[in-house]
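Indexing begins at 1, ligand by ligand and atom by atom, following the structure's order.
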Amino acid sequence: MSTTDSSTEHIKCLIIGSGPAAYTAAIYAARADLKPVIIQGMQPGGQLTITTEVENYPGYPDGVQGPQMMRDFEAQAKRFNTDVRWGYVSSVDFSSAPYKVVVDEEKIILADTVIICTGASAKWLGLESEQRLNGFGVSACATCDGYFFRQQVVAVVGGGDTAAEEASYLSKLCKKVYLIVRRGEMRASKAMQHRVSHTENIEILYNTEPKEVLGEKTVEGLRILDRISNEERTLELTGFFVAIGHQPNTDIFKGQLDLDENGYILTKPGSTLTKIPGVFAAGDVQDHIYRQAVTAAGSGCMAAIDAERYLAAAGLH
Ligand code: NDP
């Protein structure tokens with residue numbers, strides 16, 4: 001199909017993704033009459049669909065299950081006639097406006113504005129037991145789930161700043177935190193290393209590798225390997241936090257937008273503007289620091305307002 005094909009759609013606002021940033025952008029864009037279309041992507045609902053209870057999102061005084069929360073977000077976006085579609089964006093061309101977005105490798109949409117909310121994915125160790133107990137004691141977010149492990153024993157795996165921050169956060173809630181580092185040293189900044197090594201209830205296990213998360217329905221322990229002595233032992237614990245990095249979902253934007261050294265989209269500080277006028281980024285795809293549903297939703301709102309102002313200034317709305 002060519003871009004001049006009469007069946008090619010031309011819309012004002014295309015939103016890529018379906019997490020809190022995307023749906024919030026849709027709610028604002030729809031209410032500003034931008035008639036947004038959402039392309040949901042491979043994991044409709046995003047990272048919250050692989051978590052269980054969310055207790056820190058304002059407006060849910062009794063907490064809510066992550067998947068249910070995303071259904072609520074979607075319903076609210078649809079209430080204002082957001083066109084929510086299955087499918088994934090296979091490529092984009094931001095070289096000239098309107099921007100060309102290819103869906104499912106065949107359908108072309110021309111969009112005056114594009115709001116990118118493709119998020120980031122936590123990296124996992126790849127253990128079968130880690131996936132099986134994900135959401136039942138295995139987590140990739142201490143800020144989200146740490147509260148469920150108050151006064152319990154937990155472990156964090158990773159040696160970077162995220163792992164150090166997660167361990168430090170958990171040490172204030174939990175009885176004891178093991179920090180499992182695969183090498184003989186950490187990659188984290190000296191300041192963070194200093195903090196974790198001087199926290200009484202954090203025990204750092206260097207040269208150590210998790211082999212299996214134990215437990216039938218919930219986490220009951222962790223089998224670890226000492227890589228120097230080659231000996232295995234079991235830690236008794238109820239929570240296992242994986243903090244070995246995140247991967248922003250930005251492959252299709254490489255070469256078209258400015259990305260930082262870890263692949264996150266660079267936006268103009270205090271806004272959602274990318275280097276391409278009319279292309280905006282919101283949520284975890286441009287935020288490696290806060291990574292919360294509520295901050296993603298906030299930046300989704302900003303992106304819709306930025307898009308509306310851009311369209312008005314360009315005489316397109
Ligand atoms: P990093 O890539 O910096 O660190 C990942 C860590 O996980 C490394 O220690 C790595 O080990 C370890 N790791 C990777 N794969 C495995 C595995 N299969 N098994 C065991 N361990 C594994 O990721 P972060 O998320 O920590 O940080 C990402 C970026 O964000 C960094 O630039 C960081 O500085 C920044 N950041 C900054 C913060 C701040 O300033 N407050 C807070 C959080 C992050 P190895 O070292 O052996 O490769």
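Shown here is Lys175, whose NZ atom has no more than 12 heavy atoms of other residues, nucleotides or ligands within 6.0 Å. No more than 12 heavy atoms of other residues, nucleotides or ligands shown are found within 6.0 angstrom of OH on Tyr28. Heavy-atom neighbours of Gln151 CD from other residues, nucleotides or ligands within 6.0 Å: above the threshold of 12. Dense packing is recorded around NZ of Lys123, with more than 12 heavy atoms of other residues, nucleotides or ligands lying under 6.0 Å away. Dense packing is recorded around CZ of Arg223, with more than 12 heavy atoms of other residues, nucleotides or ligands lying under 6.0 Å away.
Among Leu125, Thr208, Thr162, Asp260, the residue whose heavy atom sits closest to atom 28 (C) of ligand 1 is Thr162.
Counting only heavy atoms of the protein, atom 8 (C) of ligand 1 lies nearest to Arg187 NE, 3.5 Å. Scanning all protein heavy atoms for the shortest distance to atom 39 (C) of ligand 1 gives Glu165 OE2, 4.0 Å. Nearest to atom 16 (C) of ligand 1 among the protein's heavy atoms is Arg182 NH1, 3.3 Å. The protein non-hydrogen atom at the shortest distance from atom 7 (O) of ligand 1 is Ile244 CA, 3.4 Å. The closest protein non-hydrogen atom to atom 23 (O) of ligand 1 is Gly245 CA, 3.8 Å.
Distances between N or O atoms of His246 and those of ligand 1 include no value under 3.5 Å. Note: an N/O pair closer than 3.5 Å links Asp161 and ligand 1 by distance alone. Of the polar atoms of Gly158, none of the N or O atoms is found under 3.5 Å from an N or O of ligand 1, judged by distance alone. Remark: ligand 1 and Ala163 share no N or O pair separated by less than 3.5 Å (distance only, no angle test).
With 3.5 Å as the limit, one finds no donor-acceptor pair spanning the side chains of Tyr60 and Glu55.
Contact annotation: for Lys123 versus ligand 1, there are no heavy atoms closer than 4.0 Å. Residue contacts with ligand 1 for Asn262 involve side-chain atoms from C-beta outward but no N, CA, C or O (heavy atoms, distance under 4.0 Å). Proximity of His288 to ligand 1, defined as any heavy-atom pair under 4.0 Å, is confined to the side chain (atoms from C-beta onward).
When the salt bridge (Lys or Arg N to Asp or Glu O under 4.0 Å) test is applied to Arg183, the partners found at least two apart in sequence or on another chain are Glu185. Listed by chain and number, the residues in a disulfide bond (SG atoms under 2.5 Å apart) with Cys301 amount to none (sequence neighbours excluded).
There is a protein heavy atom closer than 4.0 angstrom to atom 13 (N) of ligand 1.
A salt bridge links Glu9 with Arg85: at least one charged nitrogen is closer than 4.0 Å to a carboxylate oxygen.
Less than 4.0 angstrom separates some heavy atom of Arg183 from each of these atoms of ligand 1: 45 (P), 46 (O), 47 (O).
Considering only heavy atoms from C-beta on, Ile109 comes within 4.5 Å of Ile39 through its side chain.
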